[in-house]
Every structure is written in C-alpha cells, then in structure tokens.
Amino acid sequence: MQATNSLRTVIVTGANRGIGFAIIERLLSEKTPFDIIFTARNGKLGQEAHQSLSTRYKASSSRLTFQQLDISNSVSIDEFVAWIKAERNSRFDVLVNNAGFGYLRESQQEQLDTININFFDTVDLTEKLLPYLAEDGKIINVTSENGLLSWQGQNIQKILSDPSMTREKLMELAKELRDKIKTGDFSKLGWSEIYDDSKALLNAYTRWVLVKMLKGDQQCYCMDPGWCRTDMGGKNAPLAVERGADTPVYLINLPFKLDEKYNGKFFMDRKLHKY
Ligand code: NDP
C-alpha cells in the first residue's frame with residue numbers, strides 16, 4: 001500500500017448502499033490507487049460496509065477509510081471538516097456529492113427532506129469543504145436527468161437558465177420553494193416534483209455559482225448515473241447499480257487540469273449533455 005499523501009483523496013457521501021457503495025467498489029478495483037474516504041450517516045452501517053469491503057478488496061492498492069458524515073447535521077459536517085484538517089493535512093482531491101433522497105409517499109416531511117438533503121445540505125457540505133479542495137481538485141454532483149431544464153416548467157426554465165444567476169438569488173428561490181412546501185402550494189410558482197426541482201437547483205448551483213467559486217485548476221461537474229436498481233431506483237430500473245458508478249469514476253479519472261469544455265457541465269453516460 002502507498003503512503004496516503006502520495007494518493008488522490010476521494011470523498012464519497014452516502015456510500016453505505018446504492019450508487020455510493022458501487023463507486024467505492026469501482027475505485028477499489030481501479031489500477032490507479034486512491035485514498036478513499038467512505039462516508040455514511042449511520043456509523044454502524046458504515047463500519048459494517050467498510051469491514052466487508054476491506055476484507056473483499058484486501059489486495060486493492062487503494063487505502064479505504066470510514067468516516068461518519070450526516071450531511072444534514074451541521075455538527076457532523078464540522079467534525080468531518082476537522083477530521084480532514086487533522087488527518088489529511090487540510091487537503092482533499094475529489095468530493096462526490098452522492099448522498100440523496102427521493103420521497104416515496106410524498107408526505108410534506110419527505111418533500112422537505114428531499115429539498116434539504118439534495119440541495120441545501122449538499123451545498124452546505126460543499127462550501128464547508130471548499131477551502132480544503134486541492135488546487136486541481138474536483139467536485140462531482142450526482143444530480144439527475146430529472147433536474148434538466150427540459151423537465152421544468154417554462155417559468156422555472158427561464159429563471160434557472162439565466163447566466164446572471166447569483167448564489168443569493170438561487171438561495172432565495174430555493175428557500176421560497178421550501179416555504180411553499182410547508183404551505184402546500186408550491187406548484188403556483190411553476191415548480192413540479194420536489195425531487196426534480198431539488199436536482200434542478202443543484203444543477204443551476206453547479207453551473208452558475210460553484211463554478212465561479214473555484215480557483216486554478218479546480219473543476220466541478222453534474223452527472224446523471226442512469227436509472228439504476230437501488231433502493232431509490234427500485235427493482236424495475238433497467239440498469240445495474242454498477243453502471244451508476246461508471247460516469248462518476250470516469251469523471252474522477254479525467255485529468256486533474258482545468259478543461260473549460262467540461263468544467264461546470266452536465267454528464268450522462270460519460271458524455272456531455274446540455275443542462
Ligand atoms: P439510495 O436511496 O439507494 O441511497 C442513498 C444514500 O444516500 C444512502 O447511503 C443514504 O444513507 C444516503 N443519505 C441520504 N441522506 C443522507 C444524509 N443526510 N447524509 C448522508 N447520507 C445520506 O440512492 P441511490 O444510490 O439510488 O442514489 C444515489 C444518488 O444518485 C442520489 O443523489 C440520487 O438522487 C441519484 N440518482 C439515482 C438514480 C437511480 O436510478 N438510482 C437516478 C438518478 C440519480 P442511509 O442508508 O443512511 O439512508
């Protein structure tokens with residue numbers, strides 16, 4: 001095994017099951033060794049998954065470390081950031097924002113969890129970690145085809161496709177949507193399905209806001225993993241979970257050098273796709 005400091009440090013959120021877990025498995029199988037930080041909100045589930053992967057991939061040249069991280073809990077985020085500072089010399093190379101939620105029964109609480117986890121909490125984690133992103137590091141946001149502009153109503157399409165979008169305006173818009181979920185009349189604003197809306201907001205954040213916060217050779221991307229058989233995707237989804245890990249790992253392996261063609265863009269099946 002190589003020393004940690006010579007490896008690229010890759011953080012994956014929500015990795016105890018589904019696509020996040022498949023990303024970790026793919027990274028462990030890659031020829032290039034990584035310093036993989038496997039995170040999950042449930043410490044026990046995360047430890048168990050970490051134990052089983054460490055046993056199965058003991059020949060891997062990558063290093064695998066588990067850290068508890070609940071992106072909806074600011075104390076947990078702060079503890080994770082402190083851990084990166086202390087244990088990784090205040091530096092990491094890639095953040096894969098995979099943790100996500102899609103409501104099942106459309107209760108108001110589930111709709112709130114969806115917008116919070118997929119948008120607000122993901123942004124919170126990203127911005128708290130950003131000061132420690134390597135000068136050529138990457139942020140990969142796992143969003144969805146459902147968040148593409150073509151899935152949104154005309155009014156929302158117009159707002160989210162405006163290049164003059166600022167962080168302040170986007171946050172205001174997202175907060176307005178969250179408030180309207182509480183009163184139950186968000187559709188009047190032109191929003192539709194909260195899951196799709198949460199991913200559309202994260203796409204717009206990546207495209208117009210995050211990209212401007214990056215420096216040097218740092219890059220960010222959005223990507224759709226495809227409809228995969230996970231707890232969220234359901235058993236009738238056409239793709240195996242391993243396929244969902246393919247584009248994120250492809251993006252991790254792209255050169256660590258700013259490429260304007262790709263930076264801030266949306267990917268599906270390893271290819272550029274318009275927002
Ligand atoms: P799963 O529901 O199978 O897994 C979701 C993961 O996110 C779980 O590990 C879950 O942890 C974790 N998670 C949820 N909330 C938090 C939180 N607050 N903090 C930390 N972790 C959290 O989903 P998938 O694997 O299918 O989806 C992964 C990503 O891919 C999501 O962002 C999803 O929106 C996106 N996606 C999925 C598609 C699909 O077809 N499956 C299609 C398009 C996009 P826990 O086990 O504790 O609940």
Side-chain angles (χ1 to χ4, degrees), residues 7-40 46 49 53 57 60 62 64-65 67 69 71 92-102 117-118 122-123 125-126 129 133-134 136-148 198-199 202-203 205-207 210-211 214 218-233 237-257 259 261-273 275:
L7 306 178
R8 293 276 183 187
T9 298
V10 179
I11 302 165
V12 183
T13 64
N16 55 296
R17 60 188 168 102
I19 293 166
F21 187 83
I23 293 172
I24 303 283
E25 284 205 282
R26 265 290 296 278
L27 290 175
L28 286 167
S29 321
E30 290 287 292
K31 246 198 252 145
T32 310
F34 293 98
D35 169 33
I36 307 166
I37 315 297
F38 169 125
T39 75
L53 285 172
Y57 291 89
S60 170
S62 286
L64 183 66
T65 307
Q67 273 303 301
L69 173 59
I71 69 163
F92 70 96
D93 296 283
V94 183
L95 168 64
V96 183
N97 278 317
N98 164 77
F101 185 73
I117 294 170
N118 296 353
T122 299
V123 168
L125 175 70
T126 302
L129 278 173
L133 181 67
D136 57 358
K138 301 171 188 171
I139 309 273
I140 300 173
N141 288 330
V142 181
T143 68
S144 170
E145 180 183 21
N146 298 31
L148 292 177
S198 68
K199 297 293 189 178
L202 189 57
N203 281 344
Y205 174 78
T206 313
R207 183 183 187 189
L210 181 58
V211 79
L214 302 180
Q218 293 175 337
Q219 304 184 83
C220 60
Y221 319 106
C222 282
M223 49 80 46
D224 173 278
W227 184 17
C228 303
R229 288 187 291 279
T230 62
D231 293 336
M232 188 190 291
L239 303 175
V241 65
E242 291 77 16
R243 179 75 178 279
D246 183 68
T247 299
V249 174
Y250 166 77
L251 293 171
I252 292 169
N253 282 318
L254 282 179
F256 283 79
K257 174 127 196 57
D259 186 338
K261 204 166 66 248
Y262 293 156
N263 189 25
K265 302 287 172 18
F266 187 93
F267 286 77
M268 259 167 104
D269 270 336
R270 296 188 176 200
K271 292 194 188 73
L272 278 174
H273 194 286
Y275 270 106

Sequence-distant partners of Phe21, ring-ring contact (aromatic ring centres under 6.0 Å, His included), two or more places apart: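 Not a single residue meets the ring-ring contact (aromatic ring centres under 6.0 Å, His included) criterion with Phe21.
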By ring-ring contact (aromatic ring centres under 6.0 Å, His included) - contacts of Phe34 (at least two apart): none
Derivation and outcome, side chain to side chain contact (heavy atoms under 4.5 Å, CB included), residues Thr13 and Leu69: CA-CA 7 Å; Thr13 64; Leu69 173 59; 4.1 Å; yes
Test: Lys138 cationic atom under 6.0 Å from Tyr221 six-membered ring centre, within 45° of axis: no
Would you check if [X] and [Y] make a side-chain contact, meaning some heavy-atom pair closer than 4.5 Å?
X: Ile139; Y: Thr126; value: yes
X: Asn97; Y: Leu125; value: yes
X: Thr247; Y: Met268; value: no
X: Glu242; Y: Arg26; value: no
X: Leu27; Y: Val249; value: yes
X: Ile24; Y: Leu64; value: yes

Distance-only side-chain donor-acceptor flag, [X] / [Y], under 3.5 Å:
X: Thr206; Y: Asn141; value: yes
X: Thr143; Y: Asn203; value: yes
X: Asn263; Y: Gln218; value: no

Inter-residue atom distance [X].[atom1] - [Y].[atom2], 0.5 Å rounding:
X: Tyr262; Y: Cys220; atom1: OH; atom2: SG; result: 15.0 Å
X: Asp35; Y: Thr9; atom1: CG; atom2: OG1; result: 3.5 Å
X: Ile19; Y: Ile23; atom1: CD1; atom2: CD1; result: 7.0 Å
X: Gln219; Y: Lys265; atom1: CD; atom2: NZ; result: 10.5 Å

Search all heavy atoms of [X] against all heavy atoms of [Y] and return the closest pair with its distance.
X: Cys222; Y: Tyr275; answer: SG-OH, 3.6 Å
X: Thr230; Y: Gly18; answer: CG2-CA, 3.9 Å
X: Leu7; Y: Asp93; answer: O-OD2, 4.0 Å
X: Gly46; Y: Ala40; answer: CA-CB, 4.0 Å
X: Ser62; Y: Ile36; answer: CB-CD1, 3.8 Å
X: Val241; Y: Arg229; answer: CB-O, 3.9 Å

Can you tell me if [X] uses its side chain to pair, donor with acceptor, with the backbone of [Y] under 3.5 Å?
X: Trp227; Y: Gly233; value: yes
X: Thr39; Y: Gln67; value: no
X: Glu145; Y: Asp224; value: no
X: Lys199; Y: Val142; value: yes

Partner set under side chain to side chain donor-acceptor pair (under 3.5 Å) for Tyr57, not counting sequence neighbours: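 Checked Tyr57 against side chain to side chain donor-acceptor pair (under 3.5 Å); matches are Glu25.
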Phe38 vs Thr65, side chain to side chain contact (heavy atoms under 4.5 Å, CB included): CA-CA, chis, key distance, verdict: CA-CA 6 Å; Phe38 169 125; Thr65 307; over 6 Å; no
Salt bridge flag under 4.0 Å for residues Arg8 and Asp136: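 Yes.
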Short N-O contact, Lys271 and Asp269, less than 4.0 angstrom: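 Asp269 and Lys271: not salt-bridged.
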Full working for side chain to side chain contact (heavy atoms under 4.5 Å, CB included) between Leu202 and Thr122: CA-CA 8 Å; Leu202 189 57; Thr122 299; 4.1 Å; yes
Steps toward side chain to side chain donor-acceptor pair (under 3.5 Å) verdict (Glu30, Asn253): CA-CA 10 Å; Glu30 290 287 292; Asn253 282 318; 2.8 Å; yes
Step-by-step side chain to side chain contact (heavy atoms under 4.5 Å, CB included) determination, Phe92 to Leu129: CA-CA 9 Å; Phe92 70 96; Leu129 278 173; 3.9 Å; yes
